[in-house]
2 protein chains.
Amino acid sequence: MRKTIAKTKILELITRSNTNLSHADIKNLLPDGLCDRVTIYRVLDRLLQEGLIHKVVNIDGVVNYASCKNCEVEHSHNHMHFSCEKCKSVTCLDDINPSFKLPKGYAVKEINFVLSGVCPSCS
Amino acid sequence: MRKTIAKTKILELITRSNTNLSHADIKNLLPDGLCDRVTIYRVLDRLLQEGLIHKVVNIDGVVNYASCKNCEVEHSHNHMHFSCEKCKSVTCLDDINPSFKLPKGYAVKEINFVLSGVCPSCS
DNA sequence: TTATTTTAGCAACATTGTTGCAATAATAAA
DNA sequence: TTTATTATTGCAACAATGTTGCTAAAATAA
């Protein structure tokens, strides 16, 4: 996979942001005309494939992207996410790993935990 | 809120189904021409408002609707959901309530827990 | 039965995401 | 450095999904 301007800039955005970013966020944050919106979709797919970012589906169905911080060790995204209805931010609560016990027979491949409400900064 | 054919049929579908249903599922399951797709959206909104159903956002962003079984007591939808990538079913795991501890300052209003993988019937 | 108000249907529109194809840019090879 | 190879981009077109406004129809209250 090749290193391109779009890819570099998008990864930079996601990495530097302390909240998770949606496709729309990224489109707005990128310098106007840097790349087409289709390119953003494709770059995000590549970054996911390469394991540089992970995605969270928000409570409203919008996909948000976050950099993989603790994934150097292993790719587990079983941490909680919080979506604030006031400031609209979506954040990874990296240290909150809900515990649960499944009946036998379930093979889990993906996890998506989201809470919605008001975040500490907004309350 | 009024009782209409569409509302009755849609609630019936959701209640009788042992998997959660998306808007598309409902559209397909309803007798052809029973109502417009816009009506389905509006009926679902009303059923949600009345607390007769709850919704789960699947790992692919698709909203699925489920009847409220244990909600006569209190409306808490903190149970797990499972999305099978083979049979495409989304189900409520009513008895699985993940436990987690949030830092102070978070006010939780909605919960969306989804696991994806292969369900017991498909493995 | 009539009056009132919600609900349905339809058309139009907005948003979001996908695909095919030719042009372009990044990398490998010479 | 130059050329060849192949991934990536932009654009247009399309599909799917969800929303809104308006009028007609249906459900409930009077």
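A, B, ... follow the sequence lines: proteins, then strands. Residue 1 opens every chain. Not measured: the values here are computed from a predicted model.
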Original post:
Is a salt bridge present between B:Glu12 and B:Arg16, judged by a nitrogen-to-oxygen distance below 4.0 Å?
Top reply: yes

Original post:
What's the closest nucleotide to the A:Ala6 side chain, out of D:dC11, D:dT8, D:dT9?
Top reply: D:dT9

**OP:** Could you state the atom-to-atom distance from CD1 of A:Ile40 to C1' of D:dT9 in whole Å?
**Re:** 12 Å

Original post:
Mind checking what makes side chain to side chain donor-acceptor pair (under 3.5 Å) contact with B:Lys109, not counting sequence neighbours?
Top reply: A:Glu85

List the atom pairs, donor and acceptor, that lie under 3.5 Å between side-chain atoms in residues 93-106 of chain B and the rest of the protein, sequence neighbours left out.
unit_1  : atom_1 : unit_2  : atom_2 : d
B:Asn97 : ND2    : B:Asn78 : OD1    : 3.0
B:Ser99 : OG     : A:Ser99 : OG     : 3.0

**OP:** Measure from NZ on A:Lys7 to C1' on D:dA7 and round the result to the nearest Å.
**Re:** 11 Å

**OP:** Check every strand shown and say whether B:Ala24 touches a base, only sugar-phosphate, or nothing at a heavy-atom separation below 4.0 Å.
**Re:** nothing

Subject >> Global bending angle along the helix from C:dT1-D:dA30 to C:dA30-D:dT1, which compares the axes of five pairs at either end, to 10 degrees >> reply: 30°

**OP:** Starting at atom NZ of A:Lys9, determine the distance to atom C1' of D:dT9, rounded to an integer number of angstrom.
**Re:** 17 Å

Original post:
Base, sugar-phosphate alone, or nothing: which one does B:Leu34 contact when heavy atoms must sit under 4.0 Å apart?
Top reply: sugar-phosphate

Original post:
B:Asp25 and B:Tyr65: side chain to side chain contact (heavy atoms under 4.5 Å, CB included), yes or no, with the steps?
Top reply: CA-CA 10 Å; B:Asp25 293 333; B:Tyr65 300 88; over 6 Å; no

Original post:
Starting at the 5' end of DNA chain D and moving along, which residue's nearest nucleotide shows up first, B:Lys3 or A:Lys3?
Top reply: A:Lys3

Original post:
Nearest of D:dT9, D:dA27, D:dT5 to any side-chain atom of A:Thr39?
Top reply: D:dT9

**OP:** Kindly compute the distance separating CG (A:Asn112) from NZ (A:Lys55), expressed to the nearest 0.5 Å.
**Re:** 9.5 Å

Subject >> B:Lys7 atom NZ, over 12 foreign heavy atoms within 6.0 Å >> reply: yes

Original post:
Got a second to check how far A:Lys88's NZ is from A:Thr19's OG1, nearest 0.5 Å?
Top reply: 13.5 Å

Subject >> Range on DNA chain C touched by chain A, heavy atoms, distance below 4.0 Å >> reply: C:dT16 to C:dT27

**OP:** Name all pairs fulfilling the ring pair (Phe, Tyr, Trp, His ring centres under 6.0 Å) condition that reach into residues 2-42 of chain A, sequence neighbours left out, sorted by first residue then second.
**Re:** A:His23-A:Tyr41

Subject >> Distance in Å, B:His79 NE2 paired with B:Thr91 OG1, rounded so as to fall on 0.5 Å steps >> reply: 9.0 Å

Original post:
So, does A:Asn20 use its side chain to make a donor-acceptor pair with the main chain of A:Asn64 at under 3.5 Å?
Top reply: no

**OP:** Answer yes or no: does a side-chain N or O of A:Thr4 lie under 4.0 Å from OP1 or OP2 of D:dA7?
**Re:** no

Pairwise N/O distances under 3.5 Å, protein to nucleotides 19-25 of chain D:
unit_1 : atom_1 : unit_2  : atom_2 : d
D:dG21 : O6     : B:Arg42 : NH2    : 3.4

**OP:** Measure from the side-chain N and O atoms of A:Ser17 to the backbone N and O of A:Leu13, and report whether any donor-acceptor pair falls under 3.5 Å.
**Re:** no

